[in-house]
Every structure is written in C-alpha cells, then in structure tokens.
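In what follows, a structure is listed as structure tokens, so that the remarks can point back to it.
In this text the structure is predicted, and so the values were computed from the model without any measurement. Only this structure's heavy atoms are used, side chains among them; waters, hydrogens and symmetry mates stay out. Start at 1 and go down the list; that is how both ligands and their atoms are numbered. All residue numbers in this chain count up from 1 along the given sequence.
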Amino acid sequence: MAKPKRRYVCSACGSLTNRWQGQCADCGEWNTLTEEAPETVFSARHDLSSGGRAIAFEPLDAPSEALQRRSTGLAEFDRALGGGLVPGSAVLMGGDPGIGKSTLLLQAAARIARTGSSVVYISGEEAAGQVRLRAERLGLAGAPIALAAATSVRDILTTLAQMPPPALVVIDSIQTMHSDQIEGAPGTVSQVRASAFELIRYAKENGVALVLVGHVTKDGSIAGPRVLEHMVDVVMSFEGERSHQYRILRSLKNRFGPVDEIGVFAMEGQGLSEVGNPSLLFLSGREQPVAGSAVFPAIEGTRPVLIEIQALIVRLASGATPRRAVVGWDSGRLAMLLAVLEARCGLNFSSAEVYLNVAGGYRLTDPAADLAVAAALVSALADKPLAADAVWFGEVSLAGEIRPVAHSAIRLREAAKLGFASAYGPGEAGARCDGAHFTALGLLPNLVDRILGAA
Ligand code: TYD
Ligand code: MG
C-alpha cells in the first residue's frame, strides 16, 4: 500500500497543502499550517464486486412533506431565517465578539422554551453562572431552558441521547467544542469540523434544530473552517458597530429560504429589542436640512430601509493632496463617482477634501446608492441643502447616465410611507410610483442642474 501522504491544513482558512510552509498561500496568515491525520479511508480503493447497495432514484416531482418551521419567538430572527427554524437543520451564527450572539440566542431559546418545547443551551465559553446572570438581566431567569457548561462533544451527545430530542440545541460556541474522535486542541480546523459533524449528524437524525455559534476572524469570515459553512444548512451573520446600538442579522446562505433577508435589533439594557421599522432608527436625529445630506431608500433582501448619506467638502488653499475618506461605502466607488462628476458635469473636486459617511454606522452595498451619494456631494460642494423630504436612488454609469435599479416600487412606497414627498431616480421608475412625487433624472448633469437650481 502506498505510504499515506502528509497533509497540512491552515487553521485560519482551512486550505490544504502537501508541504509545510510558514505562511498560508491562500489566506496569507502566518504559522497557521498544522499537520492533519491522513484519511486512509479515502485512499482505499473500492472493491465493486461486494458491499454496496443499489440506490433508488426518485423523480423530482415526487410529493414531499411541507417544510415545518418553528418560530423563534422573535419576528426579526424568523424573518432573517426565512420564516423560522427548520427541525433537523443546522444554523451557523457568526459575528464579532461582544456583538450579542449569546444574548440573541438566549432570548430566542427562552421564548421557545416558554411555548412548552424543550431547549438545550450548551455554553462552552461561559460558566453556567454567567449565563444565568445574563438571563436574570434579560428577565428570562424563569424560562425552562436546560442549561449546561460543557465542551466535550461525547458528553453532550451522551446526555442528549438519554432524553427525548429537544426542539432546539444551542452550542455556544463551536470553536470551544472538543471531539475525542480526533487529535488536536479545540478550535483547530480538524476539531471544529469533527465536532460540528457529530453534532449535525445528531440533529439530522433526531429532527432537532441546531444552532452553532461561530467566531469571526479579523476580515469578517467565520473563523477557521470555511468547511463549516458547507456543512450547515444556514449561515447567518450578526453584525453592527459595537459603538452603535443597532444590530443586523443577515443570512448569507440558506437552504430553506432566501438569502439577504435581514432582521434588525437594537441592543439595550434589557437585551436585544426588535426593530420593526429600521428606517426610523437610521433616520433619527435629522432635524434641520443641512448641505451634504441625502436620504437613500436602500433594499436589504426584500426589505426597504431609508438611510442618510452625509458628505462634507473642505476646500484646500494649499496645494497639498486632498484626502478622501469614506465610512460605510466603497472608496473605489466614491473615486469613480467624483471622476464622473468632474468629467460629465464640470464640477471641480480636485483641490477639495471629500468625506463621505453613511449614518448610523450602516454599511451600504446597494449599487443604487450612487445617485444619493452624488446628490450629497453636489449639495455639499454648492453648500445648498437638499429638500428635507426628498429621496434619491439610481446607479450612475461612467457616461453619467442614471441607470435603472431593482425594486424601484418598493423603495418609493417606503419613502412615501415615512412622509417623504418627493423622489428622484432613473427614468422608468416613475411609471410604478404611487405615493411620493417622482421626478425622473436621465443624466447626472440633470441632477446637478436641479440641485443648483438651474432646472
Ligand atoms: P454577548 O451576547 O455576550 O455577545 P457575543 O456572544 O456575541 O460575544 O453580548 C455582549 C455585549 O452585549 C456586552 O458587551 C454587553 C451587551 N449587552 C447589553 O448591552 N445589554 C444586555 O442586556 C446584555 C445581555 C448585553
Ligand atoms: Mg457569547
């Protein structure tokens, strides 16, 4: 038999190599490659003359059971999950430390437990006393949750096997779990993978909804194993600026529903509260019209959220290189928009510092933000406030055209609902507008004329 090959696995990204190196060639982290036990099972040749059983094929349209979902008791959590937890499924919940993962899961676990279903909460990071203290602070101490501090997967599965399968098992966090099936310290890729595999198998066999908390690395991906993301059914990320109150729960992968749906929460003294109308949260504090502020109707999944974009332009007297600083948007996109404004509209930003901020610590990825950013920039440059009751949306091309974007009708409806009387956007959106007064803008110079009052 051939000698089993040595394999090295990166504990940061999970990539495999045949040779040890100081730096991982895939993710660039140093000293993360460790040797992994060779998987001789896979190198053994299959003998097709014996063993195996023929599998039965099924047509795609065979009747299947409707998906049963269990509400978490938190409407925003359910929304992000695509309707609730699916029994027999595994959810991976990632997020920065201290963002509120344990708080969210404890709140959901308590609500489910109070409906009479059994819930198991295993904490590998905190002692049971700490979790109990948090529950007291949240006013949930009376909820019938089965709580334990444990890190051995074997102990956990042995315990679970002795009781009727609970409705929900929370493992906080998967990086602290240890499986004795495999060598290595908790948190290494092979340990995380093996622990998750055993827990997920238990969940699938017993129809239990399993939620695994996962740590997040500096760059925001779920720490260690990308493989973990492949093993689970749903990957969620809990995000937000720790200095800000609001938190967004986003689904990044969902085998049972749409992705990009978000749930919005606010972290308060009594734990996380649900924010049914996020636009109000992000727009709060806008009183007098100020130059450089524009409201953008963004879309998160299927949900509209109004967001304020702020621009500040400072003219420089000297010939120093002016700064461009962006918070919450792509800096490359800002550079592009400034170039289009210069080239197509004759505006001059080259001797001015440009600062752009998305209010509330929100991160915008919607391409339709271009027009609102352009409106904020032109308003700041001219020192003319935009109408306080206007929203702006549309994608800007390099030629300076304002391009149509998805979900115009939803954006307009949300703006009208919150009392915005006028909306500016790409040409064809007007036909579908019902609430706000809509003005179609075809080219970026039309926007500039309108703001500068020439139109
Ligand atoms: P936690 O759920 O422990 O975060 P994670 O599990 O993601 O690491 O939340 C920790 C933070 O939340 C902590 O810094 C304090 C804050 N917090 C509140 O503001 N209010 C509360 O009621 C609770 C329980 C926590
Ligand atoms: Mg925690």
Strictly inside 4.0 angstrom of atom 15 (C) of ligand 1, do you find any protein heavy atom? no

Under 4.0 Å to a heavy atom of P97 - the qualifying atoms of ligand 1, by number: 8 (O)

Nearest non-hydrogen protein atom, atom 22 (O) of ligand 1: G271 N, 2.7 Å

Report yes if R134 has an N/O atom closer than 3.5 Å to an N/O atom of ligand 1; otherwise report no. yes

Determine whether V211 and L168 make a side-chain contact, defined as any pair of heavy atoms from C-beta on separated by less than 4.5 Å. yes

Report the nearest protein non-hydrogen atom to atom 8 (O) of ligand 1: residue, atom name, distance rounded to 0.1 Å. G98 N, 2.7 Å

Check each heavy atom of Q270 against ligand 1 and say whether those closer than 4.0 Å belong to the side chain, the backbone, both or neither. backbone

Mark up the atoms of ligand 1 that fall under 4.0 Å of a heavy atom belonging to G269, in ascending order. 20 (N), 21 (C), 22 (O)

What protein heavy atom sits nearest atom 4 (O) of ligand 1, and how far away is it? G100 N, 3.1 Å

What atoms of ligand 1 come closer than 4.0 angstrom to any heavy atom of E268? 18 (C), 19 (O), 20 (N), 21 (C), 22 (O)

Is S173 close enough to the Mg ion (ligand 2) that one of its N, O or S atoms comes in under 2.8 Å? no

What do you reckon, does E126 put a non-hydrogen atom under 4.0 Å from ligand 1? no

With a 4.0 Å cut-off on heavy atoms, is G95 in contact with ligand 1? no

Check this for me - ligand 1, D172, N or O atoms closer than 3.5 angstrom, yes or no? no

Is the shortest heavy-atom distance from the side chain of Q310 to the side chain of L356 under 4.5 Å? no

For the student: nearest non-hydrogen atoms of L228 and A196, plus distance: CD1-CB, 3.2 Å

Just distances here: any N/O of L138 and N/O of ligand 1 closer than 3.5 Å? no

CG (L104) and CD1 (I99) are apart, to the nearest 0.5 Å, by 11.5 Å

At under 4.0 Å between heavy atoms, which part of S102 makes contact with ligand 1: side chain, backbone, both or neither? both

Is there a side-chain contact between L74 and E274, using heavy atoms and a 4.5 Å cut-off? yes

The closest protein heavy-atom partner of atom 18 (C) of ligand 1 is M267 SD, 3.4 Å

